[in-house]
Amino acid sequence: MPELAEVEYYRKRWDAGIGAKILAAELRAEKRIFRGTDAHAMERELPGARLLASEARGKQMAFRFSRGVWIAIHLGMTGRLRVEPPEFPAGKHDHLVLRQKERALVFSDPRQFGRVIFFRGKGEPPWWASLPKALTSAAFTRAVLRDALQRHRKLSIKATLLLQQHFPGIGNWMADEVLWQARIHPLTPSGGIDGAHLAALWKSIRAVCLGALRHVGEDFSDPPRGWLFHERWSRRGKCPRDGTQLKRETIGGRTTAWCPKCQM
DNA sequence: TACTCTGTTGAATA
DNA sequence: TTATTCAACAGAGT
């Protein structure tokens, strides 16, 4: 599930623990969630560290602790962060539990497509510093968009929008929403989008990111009425603009919904 | 029960 | 270098 705004929502769940010390880190190092990181070091070095701050970039989150300790979390498809009472017993899919005096910070992920990465050192971890700039920042210009589309000119625009190195935070439903709002057919080759279409695409990328953050990102409420979002899940979904029955097909390996009438 | 679907992404291949 | 396919995993839906 988690795309840009859901990630932001879950990140803020752990804000409850900011300022408090970690007493214990419970995890099972052999879990797939910890692939590529030193989970034993995490278990050893987190206790005693104080949670200072967190930030989300696209689908990535970083939690910064005292003593130069960081963890990054990616939620994958089914990952969640939540807060439980301090003595809460970890369930089957609760892969990381950070105990504080007043609460437990819990990361769960049944499918384990997500991951946790540990870092201790001076300054920002390299993997964090090298992430692309937010689509809602001034750095995401029309020229940056055009470059990304040209680099993948043969790829369908739907598949291109899912590339995290260019469109951090965009996931399957957001990509469909962006294309529907910009009235662009998901199979359009990315390289063929220019002029007014490019301008419309740029505008709807920002509108969808901002709208999602404002609604889903704040309190997990649904996006605004009138968005494709409310229709795209069902086989019987209708275009909110003209009532046309939506088409559903796999594009770029993902289920895609669009209006055959207004998306050209 | 059996089979299909899934809001992700990285590794392996072409 | 870029595009495509598939697997990692578990639960929900039909």
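Excluded from the calculations below are hydrogen atoms, water molecules and symmetry mates; all remaining heavy atoms, backbone and side chain alike, are included. First the proteins, then the strands, lettered A, B, ... as listed; each starts at 1.
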Q: Could you check whether atom NZ of A/K21 has more than 12 heavy atoms from other residues, nucleotides or ligands sitting under 6.0 Å from it?
A: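 No, not enclosed.
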Q: Looking at A/R82 and A/D94, is there a salt bridge between them, counting it only when a charged N and a carboxylate O are closer than 4.0 Å?
A: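 Looking at A/D94 and A/R82, the cut-off is met.
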Q: If we take the P atom in both B/dA12 and C/dC9, what is their distance in whole Å?
A: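 Their P atoms lie roughly 15 Å apart.
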Q: Does a donor on one side chain and an acceptor on the other come within less than 3.5 Å for A/Q100 and A/R103?
A: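 Yes.
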Q: Which letter, B, S or -, goes with each nucleotide of nucleotides 9-14 of chain B from 5' to 3', with contact meaning a protein heavy atom under 4.0 Å?
A: B-----
Q: B/dT4 and C/dC6: how far apart are their P atoms, nearest whole angstrom?
A: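 To the nearest whole Å, 15 Å.
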Q: Is the distance from the ring center of A/F63 to that of A/W70 below 6.0 Å?
A: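 Distance test on ring centres: not under 6.0 Å, no.
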Q: How does DNA chain B look in dot-bracket form if you count Watson-Crick and G-U pairs under 3.5 Å, write [ ] for pairs that cross, and put | where a base pairs with another strand?
A: .|||||.|||||||
Q: Do the numbers put A/R232 on top of the ring of A/W180, so that NZ or CZ is under 6.0 Å from the six-membered ring centre and no more than 45° off the axis?
A: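 Here A/R232 fails the 6.0 Å and 45° test against A/W180.
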Q: With heavy atoms under 4.0 Å as the rule, sort A/K31 into base, sugar-phosphate or nothing.
A: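 The residue A/K31 makes no contact with any strand.
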Q: Counting only heavy atoms not in A/K261, do more than 12 sit closer than 6.0 Å to its NZ atom?
A: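 No, NZ of A/K261 has 12 or fewer neighbouring heavy atoms, counting only those of other groups under 6.0 Å.
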Q: Using a cut-off of 6.0 Å, state whether more than 12 heavy atoms not belonging to A/E87 lie near its atom CD.
A: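 No - once you tally the heavy atoms of other residues, nucleotides and ligands closer than 6.0 Å, there are 12 at most.
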Q: Using only heavy-atom distances, determine whether the side chains of A/R80 and A/S108 contain a donor-acceptor pair under 3.5 Å.
A: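 Side chains of A/R80 and A/S108: no pair found under 3.5 Å.
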Q: On DNA chain C, nearest-nucleotide positions of A/R151 versus A/G252: which is more 5'?
A: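 Counting from the 5' end, the first nearest nucleotide belongs to A/R151.
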Q: Does the separation of the ring centres of A/W14 and A/Y10 fall below 6.0 angstrom?
A: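 Distance test on ring centres: not under 6.0 Å, no.
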Q: Please list, in 5' to 3' order, the outermost nucleotides of DNA chain C lying under 4.0 Å from any heavy atom of chain A.
A: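 Using the under 4.0 Å cut-off, the span is C/dT2 to C/dG11.
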Q: Can a salt bridge be assigned to the pair A/K12 and A/E218 using a cut-off of 4.0 Å between side-chain N and carboxylate O?
A: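 So A/K12 pairs with A/E218 through a salt bridge.
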